[in-house]
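Here the structure comes first, spelled out in structure tokens, and everything after it is commentary.
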Amino acid sequence: MMDTTLAVSDPASFRAWRAYALEAKYEFLRVLRTPAFAIPSLLFPPLFYLLFGVLLNRGNGAAAHYLFATYSVFGVMAPGLFGFGVAVAIERERGWLALKRVAPMPPGAYLVAKMTMAMAFALIIYAMLATLAATLGGVRLDPAQWLALALIAMSGVLPFCALGLMIGSKANAAASPAIVNFIYLPMAFLSGLWMPLTMLPQFIRDIAVLWPPYHLAQLALAATGREYAGAVAAHIGYLIVFTVACFAVARRWLAKAG
């Protein structure tokens, strides 16, 4: 009789993928059960968009479309910066990171789990913003545009994961929230996420190209069919280089930390 039991061709590979999946699952549940992280990350971007993008700009379709794209970028910054910048600093200082290193699990599972968590939160935040934009903001996009912006939101969290990891690999647990906030909010403002750069002083417009949220915002505006600055390839290239550079620096600092 033929054996109907599911055979696993590579048990070691199966165990590795199971470890990745379980680590990602428990990381997501951990942050979901952490009110100090989950509530601000999930609620602040939709509430800000509801206030500034809908209530204060009622009847202004251009503003609603612009702010929907840029607040989508603002929303995905938090899971990466706080999920890595604060969490890694705390776990490193408490010795949890060292314990993870000697645990019988794939070396990359810790990092992949946090990245997966950040991307999942980014998708949830985008879904909440999209619901508000479509129902209350009067935003009308083609299905392909909704999907393109969702993909930008999910992948766009990675540069902020890299930046957060770099912060968390060096900062101590007590200082990391203040450092992340000091970077998070000013960088969002200087990138034109809260209001168009044309409404800001010239020197702010001149330095906007230095910040990763600016480049991600231009991609978001392009995906929604709005006017944007620069070339799409240049924005993607900047974000890739920024992400790789931050990950490389963080890896070096973590190695020195032991």
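Values in this document were obtained by computation on a predicted structure and should not be read as measured data.
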To the closest 0.5 Å, what do you measure between [atom1] ([X]) and [atom2] ([Y])?
X      : Y      : atom1 : atom2 : result
Leu136 : Leu55  : CG    : CG    : 8.0 Å
Ser72  : Ile125 : OG    : CD1   : 10.0 Å
Leu67  : Leu51  : CG    : CG    : 10.5 Å
Phe28  : Phe121 : CZ    : CZ    : 5.0 Å
Phe82  : Asn181 : CZ    : CG    : 4.0 Å
Met77  : Leu216 : CE    : CG    : 9.0 Å

Apply side-chain contact (heavy atoms from CB on, under 4.5 Å) to residues Phe52 and Tyr71 and explain how you reach the verdict.
CA-CA 10 Å; Phe52 297 108; Tyr71 267 91; 3.4 Å; yes
Is it true that atom CZ of Arg30 has more than 12 heavy atoms of other residues, nucleotides or ligands lying nearer than 6.0 Å?
yes
Over 12 non-hydrogen atoms of neighbours within 6.0 angstrom of CD in Gln202:
yes
Which class fits the ring pair His215 and Tyr238: parallel under 30°, tilted 30 to 60°, perpendicular over 60°?
parallel
Cluster link [X] to [Y], ILVMFWY, side chain under 4.5 Å:
X      : Y      : value
Val232 : Leu221 : yes
Met195 : Tyr228 : yes
Leu43  : Val76  : yes

Taking the six-membered ring for Trp, are [X] and [Y] closer than 6.0 Å centroid to centroid?
X      : Y      : answer
Tyr126 : Trp146 : no
Trp194 : Phe48  : no
Phe74  : Tyr49  : no

Give the minimum heavy-atom separation between [X] and [Y], together with the two atoms involved.
X      : Y      : answer
Met128 : Pro46  : CE-CG, 3.8 Å
Met154 : Met119 : O-CG, 3.6 Å
Leu158 : Met115 : CD2-CE, 3.5 Å
Ser176 : Gly85  : CB-O, 3.6 Å
Pro79  : Val157 : CB-CG2, 4.4 Å

Side chains of Glu91 and Tyr110: is there a donor and an acceptor less than 3.5 Å apart?
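A pair is found: one side chain offers a donor N or O, the other an acceptor, under 3.5 Å apart.
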So do Leu111 and Leu165 actually touch side chain to side chain, heavy atoms under 4.5 Å?
yes
Heavy-atom distance under 4.5 Å between the side chains of Arg92 and Leu254, does that happen here?
yes
Any donor-acceptor pair under 3.5 Å linking the side chain of Glu93 with the backbone of Asn172?
no
Does Arg226 use its side chain to pair, donor to acceptor, with the backbone of His65 at less than 3.5 Å?
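Such a contact is absent between Arg226 side chain and His65 backbone.
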